[in-house]
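Predicted model, so just to flag it, every value in this text is computed and none were measured.
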Amino acid sequence: MSEPDKRSAPVLITEAQPSYDDQYAARKRKYALMMGMRFPCLILAGVFYHTWWLALAFIVLSIPLPWVAVLIANDRPPRKAEDAHRYQRDAKAIESTDHRVIDG
């Protein structure tokens with residue numbers, strides 16, 4: 001198959017953001033993932049309690065996770081830099097000839 005022709009690509013007619021429901025679902029997934037990482041960090045800290053520096057590293061890693069998760073979940077998604085196929089009108093001159101100016 002050949003690459004699609006630029007003219008056959010659909011023209012983007014809006015710069016609308018994803019729907020609120022889609023944004024909410026993405027933020028909810030990020031929050032659940034980050035909060036889900038906290039529990040294994042605390043479990044690993046308990047497993048490695050004999051190696052104090054490793055247990056301390058897991059505990060220190062788990063402390064800011066709720067704060068960061070809330071900040072990321074409440075933030076709107078960044079704008080995407082898309083190179084979309086937009087409609088470009090041909091530039092046409094209004095008048096192409098010079099006109100004589102009469103003073104007086």
Side-chain angles (χ1 to χ4, degrees):
M1 287 207 109
S2 63
E3 285 187 31
D5 184 20
K6 185 138 182 145
R7 293 180 190 212
S8 67
V11 176
L12 181 65
I13 59 172
T14 181
E15 293 183 14
Q17 297 292 320
S19 71
Y20 179 74
D21 292 334
D22 293 341
Q23 290 180 11
Y24 180 68
R27 291 194 324 249
K28 212 161 61 166
R29 279 191 304 270
K30 288 178 189 176
Y31 178 80
L33 179 68
M34 292 187 76
M35 289 305 288
M37 288 173 29
R38 186 171 191 215
F39 188 66
C41 283
L42 293 175
I43 296 296
L44 287 172
V47 168
F48 292 108
Y49 73 94
H50 291 293
T51 312
W52 68 270
W53 58 270
L54 191 56
L56 183 65
F58 282 123
I59 290 173
V60 168
L61 181 66
S62 71
I63 288 173
L65 276 177
W67 178 72
V68 172
V70 168
L71 284 179
I72 289 176
N74 288 332
D75 192 19
R76 69 171 182 83
R79 289 185 177 261
K80 294 181 181 179
E82 295 177 345
D83 184 25
H85 177 62
R86 298 184 190 276
Y87 175 72
Q88 295 291 327
R89 187 175 58 138
D90 294 333
K92 296 180 182 175
I94 295 174
E95 295 181 0
S96 62
T97 59
D98 292 332
H99 295 283
R100 191 176 73 173
V101 178
I102 302 173
D103 285 332

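- Inter-residue side-chain proximity for Y31 and V70 is flagged as met; some heavy-atom pair is nearer than 4.5 Å.
- Note that NZ of K28 is 9.5 Å distant from CG of D21, once rounded to the nearest 0.5 Å.
- Among D75, N74, V68, the one residue that satisfies the side chain to side chain contact (heavy atoms under 4.5 Å, CB included) test with I72 is V68.
- F48 and W52 fall within a single hydrophobic cluster, where Ile, Leu, Val, Met, Phe, Trp and Tyr are joined by side-chain heavy atoms under 4.5 Å apart, directly or via other members.
- Follow the hydrophobic side-chain contacts under 4.5 Å out from L54 and you reach L44 in the same cluster.
- The CZ atom of R29 sits 12.0 Å away from the OH atom of Y24 when rounded to the nearest 0.5 Å.
- Residues L61 and L65 share a closest heavy-atom pair of O-CG, 3.6 Å.
- At least one donor-acceptor pair closer than 3.5 Å links the side chain of R38 to the backbone N or O of S62.
- At a threshold of 4.5 Å between side-chain heavy atoms, the hydrophobic network of Ile, Leu, Val, Met, Phe, Trp and Tyr places F39 and L56 in one connected group.
- Linking ILVMFWY side-chain heavy atoms closer than 4.5 Å, directly or via other members, places L71 and M37 in a single hydrophobic cluster.
- The two residues P66 and M35 make their nearest non-hydrogen contact at CA-SD, 3.6 Å.
- A continuous path of ILVMFWY side-chain contacts below 4.5 Å connects W53 to I43, so both sit in one hydrophobic cluster.
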